[in-house]
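Worksheet: one structure, shown below.
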Amino acid sequence: MILEKKIEREVARYLELKCGKGNYKELVNIQKTRQEFTGDMTLVVFPLLRVLKQKPEEAAEGIGDHLSGSMEEVRSYNVIKGFLNIEIDPAWWTSYLNRAMKEDILADKRRDSKIPPVIVEFSSPNTNKPLHLGHIRNNLLGISISRIIEATGKPVRKVNLVNDRGIHICKTMLAWQKWGKNITPVEAGVKGDHFVGSFYVMFEQSLKKEIKKLESEGCSEEEAFQKAPLMQEAREMLRKWENGDEETVKLWRTMNGWVYDGFDETYRALGVSFNKVYYESDTYMTGKKIVEEGLERGLLIQKEDNSVWADLGEHSLDEKLLLRSDGTSVYITQDIGTAVLRHDDFNAGEMLYVVGNEQDYHFRVLQIILKELGYEWAEKVKHISYGMVELPGGRMKSREGTVVDADDIISEMEETAHRLSAELGKLGGVPEEERREVVKMIGMGALKYFILKVDPRKNMLFNPEESIDFNGNTGPFIQYTHARVCSLRRKCRDAGINEDDSFTGVDMSSKELKLLKMLYEFPSVVSQSAADYSPALVANYVYEVAKEYNQFYHDHPVLRESDRDVQQFRLLLSVYTGKVIKKAMYLLGAEVPERM
RNA sequence: GGUUCCGUAGCUCAGUUGGAUAGAGCAACAGCCUUCUAAGCUGUGGGUCCCAGGUUCGAAUCCUGGCGGAAUCACCA
């Protein structure tokens, strides 16, 4: 049982003794004691005054007396204003470290196979252009949230829903037919997704010219868009595709294949993988049936032109179109279908969608409609909404060429890592293969940490002019700290100090105690992070740990320490710090090197 | 215009269900490597927590109203 809970329970017991039965737990507020005061945990007594009917100091004294009498962990206490600062017996902390080393406290909570799995959808790319920095945020959040939830003991399934059909795909196909000269990405020496993406750009540019020309001939913008030959051809191609035209489908397969080859490479670099990949081309019809059934059951309304709508008036929202007048489905119809499909596929406990906050409204509506249609699990659908990645000039705009390409930024990070490593004279005697791996790890660590340390809900800024840092509050700083621990462990092993031994009777410095207390908090940081769907909590925590360790490292030698117990304590404290860092970074989807 | 989200140091960001004197990094300046990795450590300066009210023992945090920014409100996805 964690210590806070124990104190909480004990305080509640005290209140019952003094004031009779009641539910006091909610009034008990325990937090870390602030740096400036003596103590480890602090009870805020103000909320208790109403039941205790005492002055703050008096009440605090009473509780303090009770705690130090009834809990052997409590060594003493002091009262300042309405705050009861509780001092925990240092021996309790040191024994925690011995225990943590033996019991593998950091292992994931045991997974109960009876718990229905949490389905996390993320990535969900379109197959008409390569991934950019916004997708990177999405993918990193997806991985990290999955791992964090898994660490709390729930089974997790990662799924991807690929948008592999539609007018935008037809545009790239058409452009390639017209101007591609039958060339393949391999022949062109271009990564598949970029290759296909360039045809999308080509299409849009040519279309723009056509529209301009039509406009100069007196067409309205809308008219011009409808009449442009390229648009008409693209629509014709979509019709062919939907009718299963062999040649069209074949081209579609080929070009999507090129894109997937490209995506795979990017995914591999980012460490992204899925338990199941859905393709919209397989699922886009499933929503239609559900909507038609809903209409029959009178849950939806049909207008004179045959279009089908959901009336969300009750929720003070407008009506929402679900089927066009020609009977075809729209985006949200497909999402209704895939939600049902997914729920049935996995018997899902929760269904999380990592999708940008530009779709907040969409998911609100989706959940309401699912509820209206009678799916009692609609409550389990959760939109994990995250903010946009902005550039100094605002949003990334593909039209203005300000998109930060995912592959570019990945290779830039690796190059920077490589350059810095060389400049600092690191990895001297390390074999070439490990060296390359470490450099990659550091580049990716920098990128991942940079993105995940920001609260997901907030928009974040990326300035391409200033490259991502490798000093200070960064991934490499945390990785470096881990490498330091590893180096120390190697030296200790060579000196014959055994990590499996425990220690007794150590008089900790305040720095050592602070670090140890911080490590103790790790599991509750993870649960909080899972509850909030926020990897940023883990990221900021592990940074604090690394910083604290470096301070400890600076003036607490291990090898040169003569007291055997102190030496053993410091080594174990280091080893455990290393474990916490490694695990926390894993939860962020990042790796840590043993040397750098 | 309606709805939702955001506003904290020059810049990028923390700030756990309301708790004690609001913190980091970067940038600037000044120090520390014959001593377990200097991608490190130490120090200095830097604030109207957007503004105004309200709730209470106590507000960066909750409520109301402004101001500023973003997203969204399609028979697009």
Side-chain angles (χ1 to χ4, degrees), chain A residues 26 29 31-34 36-37 42 44 46-47 49-50 56 80-83 85 126 163 166-168 280 305 307-309 316-318 320-326 328-332 334-335 356-362 364-365 385 387-388 390 392 394-395 417 420-421 423-424 426 442 446 450 453-455 457-463 466 469-481 483-492 495 521 524-525 528-529 531-532 534 536-537 539-541 543-544 546-547 550-551 553-561 570-571 574 595-596:
Chain A
E26 286 183 9
N29 178 349
Q31 51 197 258
K32 285 182 286 178
T33 302
R34 291 185 63 126
E36 314 87 85
F37 305 97
T42 294
V44 186
F46 292 109
L49 300 181
R50 223 172 325 154
I80 297 173
K81 293 196 270 177
F83 298 90
N85 299 320
N126 290 351
N163 185 327
I167 192 74
H168 48 293
E280 212 182 279
D305 64 356
S307 57
V308 178
W309 301 72
S316 58
L317 297 170
D318 286 338
K320 181 79 188 172
L321 178 89
L322 298 180
L323 290 179
R324 296 189 184 99
S325 46
D326 64 3
T328 56
S329 56
V330 293
Y331 179 51
I332 196 155
Q334 299 175 28
D335 261 355
N357 62 12
E358 52 196 351
Q359 296 198 32
D360 284 355
Y361 179 76
H362 172 79
R364 229 177 107 200
V365 171
S385 169
M388 302 286 101
E390 288 172 351
R395 282 186 87 164
L420 284 178
S421 179
E423 273 174 22
L424 294 169
K426 301 283 183 178
I442 295 168
F450 177 82
K453 75 169 181 191
V454 181
D455 182 338
R457 288 168 312 178
K458 291 187 179 171
N459 287 1
M460 62 176 293
L461 190 116
F462 175 76
N463 189 347
E466 306 162 15
D469 241 298
F470 283 62
N471 296 319
N473 186 354
T474 67
F477 168 78
I478 296 159
Q479 291 170 316
Y480 173 75
T481 309
R484 265 188 156 174
V485 168
C486 290
S487 170
L488 177 61
R489 289 175 71 178
R490 285 190 294 269
K491 294 232 156 93
C492 283
E521 284 164 30
S524 58
V525 170
Q528 188 63 43
S529 166
D532 292 357
S534 174
L537 298 182
N540 287 304
Y541 166 81
Y543 167 66
E544 293 295 331
K547 204 166 66 135
N550 277 307
Q551 289 168 15
Y553 181 92
H554 191 259
D555 34 34
H556 294 79
V558 177
L559 288 168
R560 284 180 287 109
E561 172 59 48
R570 288 180 183 167
L571 173 60
S574 299
R595 61 188 103 222
M596 67 183 269

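Residue numbering restarts at 1 for every chain, and letters A, B, ... go by the order of the sequence lines. Since this is a predicted model, take the numbers as computed values, not measurements.
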Sequence neighbours left out, what passes salt bridge (Lys or Arg N to Asp or Glu O under 4.0 Å) with Asp469(A)? Give chain and number order.
-> none

Say you pick atom P in G25(B) and the same atom in A70(B); how far apart are they, in whole Å?
-> 31 Å

Who are the side chain to side chain contact (heavy atoms under 4.5 Å, CB included) partners of Leu49(A), not counting sequence neighbours?
-> Phe46(A), Pro56(A), Ala59(A)

Measure the distance from CZ on Phe462(A) to C1' on C26(B) and round it to the nearest whole Å.
-> 15 Å

For the side chain of Lys458(A), counting heavy atoms from C-beta on, which of C26(B), U21(B), G7(B) is nearest?
-> G7(B)

Partner nucleotide of U12(B) by Watson-Crick or wobble geometry (both distances under 3.5 Å) = A24(B)

Euclidean distance for P, C50(B) against G68(B) (whole angstrom) | 16 Å

Counterpart residues, side chain to side chain contact (heavy atoms under 4.5 Å, CB included), relative to Leu323(A) (two or more places apart) | Lys288(A), Val291(A), Glu292(A), Val308(A), Ser329(A), Thr333(A)

Rounded to the nearest angstrom, tell me the gap between atom CZ in Arg50(A) and atom C1' in C57(B).
-> 11 Å

Determine the Euclidean distance between corresponding C1' atoms of C49(B) and A22(B); express it in Å to zero decimal places.
-> 8 Å

C1' atoms of U55(B) and A14(B), separation to the nearest Å = 27 Å

Would you mind reading off the distance between Phe46(A) atom CZ and G18(B) atom P, rounded to a whole angstrom?
-> 16 Å

Mind checking the CD1-OH spacing from Ile332(A) to Tyr361(A)? Nearest 0.5 Å is all I need.
-> 8.5 Å

At under 4.0 Å between heavy atoms, what does Pro47(A) touch on the DNA or RNA strands: base, sugar-phosphate, or nothing?
-> base

Does C33(B) fall in syn (glycosidic angle within 90° of 0) or anti?
-> syn

Comparing Leu317(A) and Glu36(A) on RNA chain B - which has the more 5′ nearest nucleotide | Leu317(A)

Using purine N1 to pyrimidine N3 plus N6-O4 or O6-N4 for Watson-Crick, or N1-O2 and O6-N3 for G-U wobble, both under 3.5 Å, which nucleotide pairs with G18(B)?
-> none

Gln528(A) versus Tyr541(A), side-chain donor and acceptor atoms under 3.5 Å | no

Indicate, with a heavy-atom threshold strictly under 4.0 Å, whether Val44(A) touches base, sugar-phosphate, or nothing.
-> base

Please measure how far the C1' atom in U17(B) lies from the corresponding atom in G58(B), and state the result in whole Å.
-> 16 Å

Nucleotide forming a Watson-Crick or wobble pair with C5(B), both distances under 3.5 Å | G69(B)

Round to the nearest Å and state the distance from Gln31(A) atom CD to G19(B) atom C1'.
-> 6 Å

Nearest-Å distance once atom P is located in both A74(B) and U3(B) = 16 Å

If pairing means Watson-Crick or G-U wobble with both distances under 3.5 Å, then the partner of A59(B) is none

Determine, for Arg457(A) against Asp455(A), whether the closest basic-nitrogen to carboxylate-oxygen distance falls under 4.0 angstrom.
-> yes

Contacts of Glu390(A) that satisfy salt bridge (Lys or Arg N to Asp or Glu O under 4.0 Å) - sequence neighbours left out | none

Under a 4.0 Å heavy-atom criterion, the protein footprint on nucleotides 32-44 of chain B, written with B, S and -, is ---BBBSBSSS--

Residue met sooner reading RNA chain B from 5', once Lys32(A) and Thr42(A) are mapped to nucleotides = Lys32(A)

Under the salt bridge (Lys or Arg N to Asp or Glu O under 4.0 Å) test, which residues partner Glu521(A), sequence neighbours left out?
-> Lys32(A)

Arg595(A) side-chain N/O to Ser487(A) backbone N/O, donor-acceptor pair under 3.5 Å = no

Counting any heavy atom closer than 4.0 Å, what does Tyr543(A) reach on the DNA or RNA strands: base, sugar-phosphate only, or nothing?
-> sugar-phosphate

For Phe470(A), which residues count as a ring pair (Phe, Tyr, Trp, His ring centres under 6.0 Å) partner, sequence neighbours excluded?
-> none

Nearest-angstrom distance from the residue atom CG of Asn463(A) to C1' of C26(B) = 12 Å

A77(B) and U72(B): how far apart are their P atoms, nearest whole angstrom?
-> 15 Å

Tyr543(A) and Ile478(A): CA distance, side-chain angles, deciding distance, side chain to side chain contact (heavy atoms under 4.5 Å, CB included) verdict | CA-CA 6 Å; Tyr543(A) 167 66; Ile478(A) 296 159; 4.2 Å; yes

Please list, chain by chain and in numerical order, all residues satisfying salt bridge (Lys or Arg N to Asp or Glu O under 4.0 Å) with Arg490(A), sequence neighbours excluded.
-> none

Aromatic stack Phe83(A)/G19(B): centroid gap under 5.5 Å, interplanar angle under 30° = no

Nearest-Å distance once atom C1' is located in both G54(B) and A39(B) | 50 Å

Check every strand shown and say whether Asn85(A) touches a base, only sugar-phosphate, or nothing at a heavy-atom separation below 4.0 Å.
-> base

Return the value, rounded to whole Å, for the distance between atom CG of Leu49(A) and atom P of G19(B).
-> 17 Å

For C29(B), the Watson-Crick or wobble partner whose two distances fall under 3.5 Å | G43(B)

U16(B), G25(B), G19(B): which one has an atom nearest the side-chain heavy atoms of Gln528(A)?
-> U16(B)

Reading nucleotides 70-77 of chain B 5' to 3', which nucleotides get B (base under 4.0 Å from a protein heavy atom), which S (sugar-phosphate only), which -?
-> SSSS-BSB

Rounded off to whole Å, could you give me the CZ-to-P distance for the Arg457(A) and C13(B) pair?
-> 14 Å

